[in-house]
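To keep things clear, I will list the structure first and then write my remarks on it.
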Amino acid sequence: MISANRLRSIAFWSHDLNEREIEQARRGIVEKAYPKGAFICHRGDNFEAWTGIVSGLVRFCMTSASGKTATLAGLRTGSWFGEGTVLKNELRQYDLVAVRDSQLALMNRATFMWLFENSVGFNRFLVRQLNERLGQFIALLEYDRTLDATTRVARSIAWLFNPVLYPVAETQIEVSQEEIGLLSGVSRQVANSSLKALEAKGLVRLEHNGLTVLNLDRLRNFGE
DNA sequence: GCATTAACAGCCG
DNA sequence: CGGCTGTTAATGC
């Protein structure tokens, strides 16, 4: 269980909830720390919590039978995920790995379902989020075949600043070039040269263990 | 050719 | 010192 204030600060969707709904939500959430490299869940797990990232960075990926992993998305502080699995009450279809030390908020399924049945504000949030994710995965379809490394890096960064998924007017993120590589599906060296190419075009500013987005629109549409 | 791994020096916190 | 960055060399698809 967490306090109402804590809920407000870690879950932007709670701003659309009424008093009674906030009370239910905060009682159904616990926080848990995951060290760098830890699996939050594996494909096939019955991990039934709806999950929010309080701090850290999580990679959402799939591992093929041959052992190769494909990153589907990077999830940063402020994102909530797993609603598809919780709604359908099924096993996880993917792996979740903490890219670095991360603090997560776990909402139990009963609480999630109560909000789903009772809260208009919560449902509005869910529809918006599902719709945005759908766009994200449709965009992934062209990814592997048609996009060069720099374009993939550009779009991976753009997703980390998606205004619907992360409704905070923030332009800076603490992330190493190695982590960008993991999220983009390229090596650290390629991530490095791609990032420098994006910096030369004035789309981002590189910092030590971090970067600032200077032009989100051009990043999102990079390569078109 | 392009991307990846390996390796290393330099830099930053 | 430990982790991150910028580069180069060797290797693989």
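Here is the naming used below: chain letters follow the sequence lines, and residue numbers restart at 1 for every chain. Because the structure is predicted, anything quoted here is derived from the model rather than measured.
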TODO: Inspect the contact between Lys201(A) and Glu199(A) and indicate whether a charged nitrogen and a carboxylate oxygen are less than 4.0 angstrom apart.
DONE: no

- [ ] For the pair Glu31(A) and Arg6(A), find out whether any cationic side-chain nitrogen is under 4.0 Å from an anionic carboxylate oxygen.
- [x] yes

TODO: Tell me yes or no: between the side chains of Gln189(A) and Gln177(A), is some donor less than 3.5 Å from an acceptor?
DONE: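 Their side chains do not contain a donor-acceptor pair, so the 3.5 Å distance test is not met.
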
TODO: Would you indicate whether Glu83(A), at its atom CD, is surrounded by more than 12 heavy atoms from other residues, nucleotides or ligands within a distance under 6.0 Å?
DONE: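 Enclosed.
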
Open item on the list: I want to check one thing: is the phosphate of dT5(C), taken as OP1 and OP2, less than 4.0 Å away from some side-chain N or O of Asn192(A)?
Closed with: no

TODO: For dT5(C), take OP1 and OP2 only and decide whether either is under 4.0 Å from a side-chain N or O of Lys196(A).
DONE: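 For dT5(C), neither OP1 nor OP2 has a side-chain N or O of Lys196(A) closer than 4.0 Å.
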
Task: Leu57(A) vs Val175(A) side-chain heavy atoms within contact, under 4.5 Å - done: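 Touching, per the 4.5 Å side-chain cut-off.
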
Open item on the list: Quick check: do Tyr94(A) and Arg43(A) have side-chain heavy atoms less than 4.5 Å from each other?
Closed with: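 A side-chain contact is absent here, since even the closest heavy-atom pair is not under 4.5 Å.
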
Open item on the list: Below 30° counts as parallel, above 60° as perpendicular, anything between as tilted: where do the rings of Phe39(A) and His42(A) land?
Closed with: parallel

Measure the distance from [atom1] on [X] to [atom2] on [N] and round it to the nearest whole Å.
X	N	atom1	atom2	value
Ile180(A)	dT5(C)	CD1	C1'	14 Å
Glu207(A)	dC4(C)	CD	P	15 Å
Glu178(A)	dG3(C)	CD	P	11 Å

Using a cut-off of under 3.5 Å, enumerate the N/O to N/O pairs linking the protein to nucleotides 9-13 of chain B.
none

Task: Arg76(A) to Phe161(A), cation-pi by 6.0 Å centre distance and 45° axis angle - done: yes

TODO: For nucleotides 1-8 of chain B, just jot down a letter per nucleotide in 5' to 3' order: B, S or -, based on protein non-hydrogen atoms under 4.0 Å.
DONE: --SBBBBB

